2 protein chains.
Amino acid sequence: MSRPTIYDVARESGYSIKTVSRVINEAPNVRDETVARVRAAIELLQYHPDPAAQRLGGGKLPTIGVLVDSIDDPFFAQVVAVIEARAMDVGMDVLVASTGMDQTRMRTQIQRLARRGVAGLVIAPFGDEKVVAEALPHDVPVVVIDRKCGVTDKDVVRVTDEQGATDAVRHLVARGHRRIGFLGKTSAFTTLVDRYAGYERALGEAGIEVDPRLVETRAWSAEEAYPYALAMLATPEAPTAVFAASPMMGLGVLRAQRRLHRQDVALVIFGDYPVAELMTPPTTVVDQRPGAIADTAFDLLARRIQDPGAEVLDTVLPTLLVPRGSGELAPRGS
Amino acid sequence: MSRPTIYDVARESGYSIKTVSRVINEAPNVRDETVARVRAAIELLQYHPDPAAQRLGGGKLPTIGVLVDSIDDPFFAQVVAVIEARAMDVGMDVLVASTGMDQTRMRTQIQRLARRGVAGLVIAPFGDEKVVAEALPHDVPVVVIDRKCGVTDKDVVRVTDEQGATDAVRHLVARGHRRIGFLGKTSAFTTLVDRYAGYERALGEAGIEVDPRLVETRAWSAEEAYPYALAMLATPEAPTAVFAASPMMGLGVLRAQRRLHRQDVALVIFGDYPVAELMTPPTTVVDQRPGAIADTAFDLLARRIQDPGAEVLDTVLPTLLVPRGSGELAPRGS
DNA sequence: TGGGGTGTTGACAGCGCTGTCATACCGCCT
DNA sequence: AGGCGGTATGACAGCGCTGTCAACACCCCA
């Protein structure tokens with residue numbers, strides 16, 4: 001009364017377990033009629049191969065592992081959701097793990113996932129490049145998402161951080177802003193360095209000099225960003241617009257704006273977030289399109305699982321500026 | 001150069017693989033000195049047991065499966081995040097799957113997870129009670145979360161839906177509201193039936209008769225809720241306050257309010273959502289405390305894994321009314 | 001007619017564990 | 001002294017697959 005095994009299917013179909021195995025794995029050189037009969041037996045018995053046994057027998061687990069900063073971050077939640085959907089389509093399961101922004105933990109989690117014998121891994125790494133390079137496994141296909149972190153021997157999917165930031169700041173400049181603040185911890189992530197570069201570029205194009213008083217690079221979390229944003233908005237030289245280089249920074253700014261009743265300060269956030277369109281004013285964002293990142297990552301992973309020797313790709317997806325109101329505000333008093 | 005196996009540990013420590021196995025599984029009747037030596041060898045070799053082999057050998061996979069409506073729903077994302085954190089603490093991995101609110105898919109996903117040989121399952125079921133009862137596996141520990149769905153032979157963790165709704169509506173009544181709208185698809189979930197009951201109860205206590213024009217039970221998604229909310233707020237008998245029985249309904253109402261510039265209508269949403277405190281006005285919610293649900297579910301699952309015969313528990317957690325502004329608005333014109 | 005593919009199938013040995021059962025040894029009671 | 005029960009350890013057979021290699025039937029070409 002236990003689950004049927006490959007032996008049951010073999011007996012039922014009249015073939016050997018090896019032939020059944022071939023049918024399951026769609027191996028070549030099996031007669032059509034044989035395939036049909038084995039399939040019929042599988043159907044009849046409602047047989048499903050045991051993943052653990054498949055793995056142990058020599059194959060990989062029909063599973064892909066996903067490692068992200070935090071599962072309930074809306075960005076990563078969507079990444080996980082899309083990967084799960086794609087995996088389900090091809091009969092794979094998804095193991096999730098989070099780093100909690102801790103490099104040691106990142107390393108441990110990667111090892112654990114790799115140890116389980118997953119077919120592939122989607123990883124959002126962070127931090128020191130050397131640590132990342134050492135932590136990434138070499139015996140299992142990996143696709144790196146969101147942050148390159150100096151990785152050159154793995155497929156990478158990320159977005160045009162600099163261009164996206166440039167777009168955002170240009171957008172503000174086009175509305176007449178000249179005093180545009182920047183928030184984002186550039187020391188932590190190369191993505192933020194790139195976004196800052198985009199900020200500088202857009203200002204440069206407009207002939208605006210970077211005012212260090214309007215650049216805040218110390219905060220990482222929304223909680224840390226809040227006081228800095230507060231301070232920046234409260235100064236006499238307060239910016240008329242702010243570019244928040246991440247949703248966390250954006251939250252800090254929004255809280256500060258609310259606190260100071262300064263909804264008149266224009267704002268563009270890099271990274272969309274839920275209900276942004278319901279804010280007052282609705283928040284203009286640079287959408288990183290997590291779904292597209294996840295889709296591409298899945299495609300690349302599937303490709304690498306199938307062909308481990310395939311050329312290593314560094315895919316850079318475009319971002320999308322979504323004007324919703326906060327980024328279209330004119331400079332105060334103009 | 002491959003990963004060390006139990007044989008390597010046995011050789012290194014001078015004991016048999018069986019004794020090593022005993023140490024790994026903390027089996028009784030092993031001398032302290034033996035344990036110490038084996039542990040030392042494990043440490044030395046950086047040995048980690050192969051989960052697939054453990055599973056195949058007779059044990060369960062050190063993995064727990066989580067099945068929810070949708071992984072990027074903030075409520076479930078937090079549930080998954082907490083379970084992953086808890087699982088990591090005890091060296092377990094987490095397999096995620098989503099139902100997409102499709103009963104057939106729910107069934108398939110449950111079977112797939114059970115087939116993998118997970119140690120336990122956390123499931124948010126939905127829909128027809130008979131289907132749910134048939135879909136839940138009997139050969140693996142299961143904890144049902146969020147919705148009871150008529151399940152009586154599994155541990156359940158949910159919240160005080162009726163009480164939470166009563167609290168919310170009482171809160172509105174206390175501010176002087178007498179025309180209070182209700183939105184929520186009561187036909188789909190028992191949780192929503194309970195919330196409606198809470199609504200009715202609070203009104204009854206206040207001697208307010210239920211006005212069917214203020215009760216909308218047809219919508220499920222935010223998209224569906226929007227037009228209904230719009231219609232309700234646009235009528236001459238428009239409510240001065242609305243109780244949205246789910247975050248989805250809440251979104252619909254918020255969009256309608258924005259569209260009609262009716263931020264003066266008081267609103268309480270059942271279920272917290274990100275940045276609710278940054279809305280204008282900040283949204284008062286009944287917090288379901290997904291983290292607490294997940295924590296409790298994990299505890300119950302661990303308990304059941306350890307003792308499959310333990311008494312079946314139906315745990316009902318309290319909700320938390322979080323006043324933030326929208327629920328404290330006085331009736332229009334008063 | 002024989003040699004050498006090519007296509008199709010099966011026997012069998014693992015993969016790295018755990019469960020079962022056997023074994024060896026100890027102390028203690030009668 | 002003999003026997004018994006409890007403790008500590010090991011030998012060995014699976015668990016349900018896949019990889020390797022062999023077997024066999026055919027077919028083609030020389």
Side-chain angles (χ1 to χ4, degrees), chain A residues 1-39 41-42 45-63 91 112 114-119 139-140 305, chain B residues 1-39 41-42 45-63 91 114-119 139 305:
Chain A
M1 198 40 231
S2 183
R3 281 175 49 201
T5 74
I6 199 170
Y7 287 92
D8 299 316
V9 178
R11 193 175 323 112
E12 179 67 32
S13 63
Y15 288 95
S16 72
I17 59 164
K18 182 62 218 187
T19 295
V20 175
S21 173
R22 288 196 176 94
V23 172
I24 294 167
N25 296 288
E26 298 179 5
N29 299 336
V30 183
R31 276 194 314 167
D32 289 354
E33 192 198 324
T34 306
V35 172
R37 287 194 186 163
V38 171
R39 289 250 165 84
I42 288 175
L45 299 175
Q46 278 293 298
Y47 165 78
H48 294 278
D50 180 326
Q54 291 188 107
R55 158 67 225 298
L56 204 55
K60 283 293 184 181
L61 228 36
T63 300
R112 281 189 18 180
R115 194 151 58 226
R116 306 207 59 128
V118 295
D139 49 359
V140 35
I305 288 171
Chain B
M1 197 43 229
S2 182
R3 281 175 49 200
T5 72
I6 199 170
Y7 287 92
D8 299 314
V9 178
R11 193 175 322 112
E12 179 66 32
S13 64
Y15 289 95
S16 72
I17 58 164
K18 182 63 219 187
T19 297
V20 175
S21 173
R22 288 196 177 94
V23 173
I24 295 167
N25 296 289
E26 299 178 6
N29 299 338
V30 183
R31 278 194 313 166
D32 289 354
E33 191 199 324
T34 305
V35 171
R37 288 194 184 163
V38 171
R39 288 249 166 85
I42 287 175
L45 299 176
Q46 279 292 299
Y47 166 77
H48 294 277
D50 181 325
Q54 291 189 107
R55 159 66 226 300
L56 202 55
K60 282 293 185 182
L61 227 35
T63 300
R115 195 150 57 224
R116 306 208 57 129
V118 295
D139 48 359
I305 288 170

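In this text the structure is predicted, and so the values were computed from the model without any measurement. Just so it is clear: chains get the letters A, B, ... in the order the sequence lines come, proteins before strands, and each one is counted from 1.
Summarising the geometry, the separation between OH on B:Tyr7 and P on D:dG10 is reported as 13 Å, rounded to the nearest angstrom. Rounded to an integer number of Å, the gap from A:Arg55 CZ to C:dG16 C1' is 9 Å. Distance CZ (B:Arg31) to P (D:dA8): 8 Å, rounded to an integer number of Å. Straight-line distance from the CD1 atom of A:Ile24 to the C1' atom of D:dG16: 10 Å, rounded to whole Å. D:dA8 atom P lies 12 Å from atom CD of B:Glu33, rounded to whole Å. With rounding to whole Å, A:Lys18 atom NZ is found 12 Å from C:dG10 atom P. Distance, A:Leu61 CG to D:dT18 C1': 14 Å, rounded to whole Å.
OP1 or OP2 of C:dG10 lies within a sub-4.0 Å distance of a side-chain N or O belonging to A:Thr19. Close to C:dT8, at under 4.0 Å from its OP1 or OP2, lies no side-chain N or O of A:Thr34. Phosphate contact (OP1/OP2 of D:dT9, side-chain N/O of B:Arg22, threshold under 4.0 Å): absent. Contact check, B:Asn29 against D:dG6: no side-chain N or O comes under 4.0 Å of OP1 or OP2. Remark: B:Tyr15 is not in phosphate contact with D:dA11, judged by side-chain N or O atoms under 4.0 Å from OP1 or OP2. In this structure, B:Ser16 does not reach the D:dA11 phosphate: none of its side-chain N or O atoms is under 4.0 Å from OP1 or OP2.
The distance from the CZ atom of B:Arg37 to the CD1 atom of B:Ile42 is 14.5 Å, given to the nearest 0.5 Å.
Inter-residue side-chain proximity for B:Val23 and B:Val30 is flagged as met; some heavy-atom pair is nearer than 4.5 Å. Using a 4.5 Å cut-off on side-chain heavy atoms (C-beta onward), B:Ile6 and B:Ser21 make contact.
B:Ile17 comes within 4.0 angstrom of a nucleotide base, judged by non-hydrogen atoms across all strands.
Between the side chain of A:Arg115 and the main chain of B:His48, no donor-acceptor pair closer than 3.5 Å is present.
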